[in-house]
2 protein chains.
Amino acid sequence: MTSTDAPTGAPRARVERAALELFASRGFDAVTADEVADAAGISRRTFFRYYPTKADAVWGDFAAHVARLEQLLRAAAPGRPVLATICSAYAEVNDYGAADLPVLRQRMRLILTEPALQAHSQLRYAEIDRVVAEHVARSTGEDPAGLLPRLVAASTRAAATTAFATWLADERSDLGRELHRAFDELAAGFPSLGG
Amino acid sequence: MTSTDAPTGAPRARVERAALELFASRGFDAVTADEVADAAGISRRTFFRYYPTKADAVWGDFAAHVARLEQLLRAAAPGRPVLATICSAYAEVNDYGAADLPVLRQRMRLILTEPALQAHSQLRYAEIDRVVAEHVARSTGEDPAGLLPRLVAASTRAAATTAFATWLADERSDLGRELHRAFDELAAGFPSLGG
DNA sequence: AGGCTAGTGGCACCGAGTGCCACCGAGCAA
DNA sequence: TTGCTCGGTGGCACTCGGTGCCACTAGCCT
């Protein structure tokens, strides 16, 4: 992802790389938007035209991410268990090639550890939750705003972010495997808790 | 909660009421910190000494909230199922008298609908997650940073916020009942999903 | 009285975002 | 070539959240 050469794709990628690098080395709050803009060779004003927020520079083309997730969910086999479908969709959307993994790690480390980005992430997650809740609603015939669709969306997202966290903590782990471990626990009502 | 008369408790409560009222009527972003301070009869500078952030004025004494949750979890019967303990703790911490319910509704509506507050809430939730994860770690003998404690903390919090959302959507619903509905689904692996 | 302390307010500053306008370059018509 | 529009850019000034600093006041103690 984020490596498409759409019209004016190149400068955006430059900004994103500069931002990630600066934030990772000096901390999100300690880097001003001016510095990111300078490092990317554009003006501060243009930076805020590319990304509505300093935080948004960390998330690549997130709208495409969500769109892809939605596509996967819509294309899923109708008979398949809902949680399995959601797990596969999460796994596939986050299936990066080995070359892109370092950037993903850098990005996720920032999002999960920097308070400002942690806060901002809730707004991005809400878009994901909407898409997942709609899928659950389609699968069960319930209202997307009802308890079950919302709950499944929120819990699966919780599983996904938890998987990301444990994946980050272990340099050698595999993201897909962590996702499955988390979803398996969730789907079975946390059997590892015992009683 | 938040109705204790601790030293200098009164002015803080005035600020909180003014903030809640203004934010609810005109929207969080449309109200400046100056306006809240004026409405509460204090200076802007003092406002930011009471609350480190405009958003924090919406959450009452949240630290006490978390402390109470932690106490309940520590005092729980050791043999009891972990999820049941967590559900009870959430329910008890959020068990308000009828007189305080309107304020709670106002507060939660703001937190769940205003984007800026939605983002900020993630930082508060992280404190809750820490406490819950530690409880799970104590109960299972695992590392609090491991997958299971983190996952249970994140999923139960997801259940709680979902319960809040459905509670908000129905004027006549009972928060405790919504919490139990959500936790029951979660603990049983979402039986309502069917297969 | 003098002195200490806690709480307050005012002031100046930084940084994120935004609206506005001026500029520049590519295309296109005459 | 000249003149035109037009999308992308940069500069500028402004609002607002948040912070550091200092001066002031009210108690309170001896």
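Nothing here was measured: the structure is a model prediction, and the numbers come from that model. Any value given below was found using the heavy atoms of this structure, including those in side chains, with hydrogens, waters and symmetry copies removed. Chain A is the first sequence line, chain B the second, and so forth, proteins listed ahead of strands; every chain is numbered from 1.
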Give the rounded distance in Å between these two atoms: [atom1] of [X] and [atom2] of [N].
| X | N | atom1 | atom2 | value |
| --- | --- | --- | --- | --- |
| B:Asp38 | D:dG17 | CG | P | 12 Å |
| B:Phe48 | D:dG20 | CZ | P | 13 Å |
| A:Phe47 | C:dG15 | CZ | P | 14 Å |
| A:Asp56 | C:dT18 | CG | P | 10 Å |
| B:Leu117 | D:dG17 | CG | P | 12 Å |
| A:Arg44 | C:dC14 | CZ | C1' | 11 Å |
| A:Asp34 | D:dG10 | CG | P | 12 Å |
| B:Tyr51 | C:dG7 | OH | C1' | 16 Å |

Would you call B:Lys54 and B:Glu35 a salt bridge, using N to O less than 4.0 angstrom?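 So B:Lys54 does not pair with B:Glu35 through a salt bridge.
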
Carboxylate-amine/guanidinium contact B:Arg74 B:Glu70, below 4.0 Å: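 Answer for the salt bridge query: yes.
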
Test for a donor-acceptor pair under 3.5 Å between the base of D:dG7 and the side chain of A:Arg49, counting only N and O atoms. no

Given the structure, check if the side chain of B:Arg45 and the base of D:dG20 hold any donor-acceptor pair shorter than 3.5 Å. yes

Contact class for A:Val36 vs. all strands (heavy atom < 4.0 Å): base, sugar-phosphate, or nothing? nothing

Classify the ring geometry between B:Phe164 and B:Trp167 as parallel (under 30°), tilted (30 to 60°) or perpendicular (over 60°). perpendicular

Parallel, tilted or perpendicular, as decided by the 30° and 60° cut-offs, for the rings of B:Trp59 and B:His120: tilted

Nearest-nucleotide pick for B:Lys54, side chain only, options being C:dG15, C:dG10, D:dG17: D:dG17

Counting heavy atoms from C-beta on, name the nucleotide in C:dG17, C:dA16, D:dG17 closest to the side chain of A:Ala33. C:dA16

In one Ile/Leu/Val/Met/Phe/Trp/Tyr side-chain cluster, 4.5 Å: A:Val66, A:Val93: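 A:Val66 and A:Val93: one cluster.
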
With a cut-off of less than 4.0 Å, is there a side-chain N or O of [X] near OP1 or OP2 of [N]?
| X | N | answer |
| --- | --- | --- |
| B:Thr46 | C:dG9 | yes |
| B:Thr53 | D:dG18 | yes |
| A:Tyr50 | D:dG8 | no |

Could you say whether B:Gly41 or A:Ala55 is positioned toward the 5' end of DNA chain C, judged by the nucleotide with the nearest heavy atom to each? B:Gly41

